[in-house]
There are 2 protein chains.
Amino acid sequence: MIKMSESRNLTHYLVNELGSAIVKGDYSIEDGLPSEAEICERYEISRTATREAVKMLSAKGLIVSRPKKGITIQAKEKWNMFDTDVLNWILMSTPSLESLRDFTQLRLAIEPEAASLAAKTANESDIKRIETALFRMRKAEEGLDDALDADIEFHSSLLLASQNPFFIQLRSFIETALRVSIRFTNQLKGVPTANFSDHNAIFLAVVARDPEKAHAASRKILIEALDLIEHQL
Amino acid sequence: MIKMSESRNLTHYLVNELGSAIVKGDYSIEDGLPSEAEICERYEISRTATREAVKMLSAKGLIVSRPKKGITIQAKEKWNMFDTDVLNWILMSTPSLESLRDFTQLRLAIEPEAASLAAKTANESDIKRIETALFRMRKAEEGLDDALDADIEFHSSLLLASQNPFFIQLRSFIETALRVSIRFTNQLKGVPTANFSDHNAIFLAVVARDPEKAHAASRKILIEALDLIEHQL
DNA sequence: TTGAATATATTGTATTATATATAGTATGTT
DNA sequence: AACATACTATATATAATACAATATATTCAA
């Protein structure tokens with residue numbers, strides 16, 4: 001049996017193998033995946049585990065399996081990009097400036113609106129959470145905390161403060177994408193580490209209950225990042 | 001065996017049963033779901049099909065299953081709200097003004113930004129597609145086409161024109177939510193059917209390659225809808 | 001009280017058998 | 001020849017059984 005020490009179990013191992021292979025483009029849409037039987041052979045895994053992996057991948061929108069037709073790959077538009085597994089596979093397989101831009105464009109849609117909502121509806125514990133993250137960012141500037149973790153926590157806490165379940169659910173998405181794409185942003189010349197005062201401006205606007213200002217402050221950060229990326233393209 | 005004529009197969013039937021039950025709150029987070037064995041008994045289904053359903057639900061972030069611990073329900077924040085199945089279950093089980101507001105707030109984040117992108121990057125076929133949808137909306141005003149379908153197609157075609165895979169993936173999300181929530185919007189007094197000229201304004205801005213105007217036109221529609229909803233709350 | 005050994009319940013994996021759905025082929029009728 | 005019907009082969013769908021791995025709970029000794 002193949003090494004799979006990293007994975008929780010055989011099914012998850014296979015989900016990862018097939019999922020990343022599909023996203024990488026190892027299987028064409030016309031040909032689809034090999035049949036269940038072939039997958040079993042190739043990975044030396046029972047049909048039970050194989051079928052469970054297939055079910056998980058079809059639940060994520062990557063594939064569809066039908067009797068006689070076999071396992072076919074879905075059009076990219078059907079993939080659940082907001083599933084953290086799928087997103088991970090995509091970012092890992094094709095870590096490009098284009099996908100970084102796509103991701104930042106989405107953040108530009110989401111985060112200013114979330115900041116605006118937060119300024120309207122954040123409660124005390126929400127605000128305290130944002131403040132804590134901001135404090136971590138300040139310490140990170142002095143090298144006393146991890147800059148990426150602090151940055152993620154800040155943006156995540158703002159989404160949480162929006163009180164909107166859809167925005168809240170995007171926290172894991174943002175976290176995943178930030179973690180993967182950080183290597184690229186770091187390689188862009190002149191990309192500053194997350195600027196404390198810019199982030200502080202969002203916090204102050206939220207505390208002041210000023211949605212427009214919070215929106216603008218959040219937008220400022222992301223527009224700068226986006227300009228930088230598009231300048232490189 | 002239980003009636004399941006609607007479903008493609010046993011596994012999908014069970015996924016639907018359990019998924020909607022979980023979302024509805026039939027199982028508490030502390031107690032979790034019954035064990036595999038119990039589910040088999042209760043639904044008179046083999047363990048194979050049961051396990052495959054469990055795998056699909058865990059792929060959607062609803063549950064986690066571990067040896068000896070059984071099947072536990074994930075915190076709501078882990079659920080893949082952007083999975084159309086999950087979204088459907090949520091909207092069907094608790095079709096409230098609150099969730100309609102949450103959904104519209106998300107649209108307010110996404111759609112104006114998508115319209116702005118569309119104005120920048122839409123190609124000829126994108127524009128033609130938007131125009132076609134707009135034409136359907138006009139005909140719908142005269143009762144010659146389905147108003148909801150036309151409306152959905154319009155907003156969907158704008159997302160597609162953004163050329164951003166994340167926005168494009170949200171098409172199925174928007175479609176699902178619009179289809180479910182339409183019953184409520186229709187019940188709100190004074191809610192007009194989708195206004196043709198407002199939608200036309202977006203189209204014209206895209207054709208004119210004016211991102212700001214496209215953004216504003218899209219935002220106008222959604223702000224109006226949101227105000228109406230919040231007025232009712 | 002603590003900690004290690006053990007029992008036990010639950011999911012994980014494998015195997016075999018049968019059922020069902022469907023693309024493709026053959027057959028037969030008009 | 002055209003078209004509908006029936007048949008066949010094949011892949012997935014379902015079931016049943018057996019055993020393995022794992023983590024909780026219990027027991028018992030130090």
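Chain identifiers are assigned alphabetically (A, B, ...) following the order of the sequence lines, protein sequences preceding nucleic acid strands; residue numbering begins at 1 within each chain. The shown structure was predicted, so the numbers you read here are calculated from the model rather than taken from an experiment.
- Mapping K69(A) and E38(B) onto DNA chain C via the closest heavy atom, the residue that lands nearer the 5' end is E38(B).
- Separating the CZ atom of R66(A) from the P atom of dT22(C) is a distance of 7 Å, rounded to the nearest angstrom.
- Test I127(A), D126(A), I130(A) against S157(A) for side chain to side chain contact (heavy atoms under 4.5 Å, CB included) and you get one pass: I130(A).
- The distance from atom OH of Y13(A) to atom C1' of dA14(C) is 17 Å, rounded to the nearest whole Å.
- Across dA11(D), dA13(D), dG12(C), the shortest atom-to-atom separation from the side chain of E36(A) is found for dA13(D).
- R179(A) has a carboxylate O that lies under 4.0 Å from a charged side-chain N of D149(A), or vice versa, which qualifies the two as a salt bridge.
- Residue K55(B) has its side chain nearest to dG12(C) when only dG12(C), dT13(C), dT22(C) are considered.
- The side chain of S65(B) contributes no N or O atom lying less than 4.0 Å from OP1 or OP2 of dT10(C).
- The closest side-chain donor-acceptor pair between H12(A) and N16(A), if any, does not fall under 3.5 angstrom.
- Put simply, CD1 on I71(B) is 16 Å from P on dA23(D), counting in whole angstrom units.
- Minimum atom distance to the side chain of R47(B) is reached by dA18(D), of the listed dA14(C), dA18(D), dT8(C).
- Comparing dT12(D), dT14(D), dG12(C) by their closest approach to the side chain of N9(B) singles out dT14(D).
- With dA11(D), dT10(C), dA14(C) as the candidates, the nucleotide lying closest to the side chain of P67(A) is dA11(D).
- For R51(B), a side-chain nitrogen or oxygen approaches OP1 or OP2 of dG12(C) to under 4.0 Å.
- Comparing dA9(C), dA15(D), dA11(D) by their closest approach to the side chain of S46(B) singles out dA15(D).
- Residue E124(A) qualifies as open at atom CD: its count of foreign heavy atoms under 6.0 Å is 12 or below.
- At a cut-off of 3.5 angstrom, counting only N and O atoms as typed in the model, there is a donor on one side and an acceptor on the other between the side-chain of T48(B) and the base of dA15(D).
- Computed from coordinates, the I39(A) CD1 to dA14(C) C1' distance equals 17 Å when rounded to whole Å.
- One can place CD of E41(A) at 12 Å from P of dA11(D), the figure rounded to the nearest angstrom.
- I63(A) places its CD1 atom 10 Å from the P atom of dT12(D), with the value rounded to the nearest Å.
- In this model, the phosphate group of dA15(D) is not approached by any side-chain N or O of T50(B) to a distance below 4.0 Å at OP1 or OP2.
- Of the listed nucleotides (dT13(C), dA11(D), dA15(D)), dA15(D) has the atom at the smallest distance from the side chain of L10(B).
- Listed nucleotides: dT22(C), dA14(C), dT10(C). Nearest to the side chain of I45(A): dA14(C).
- For the pair E175(A) and R171(A), the salt-bridge criterion is not met [side-chain N within less than 4.0 Å of a carboxylate O].
- Comparing K68(A) and E52(A) against DNA chain C, the residue whose closest nucleotide sits nearer the 5' end is E52(A).
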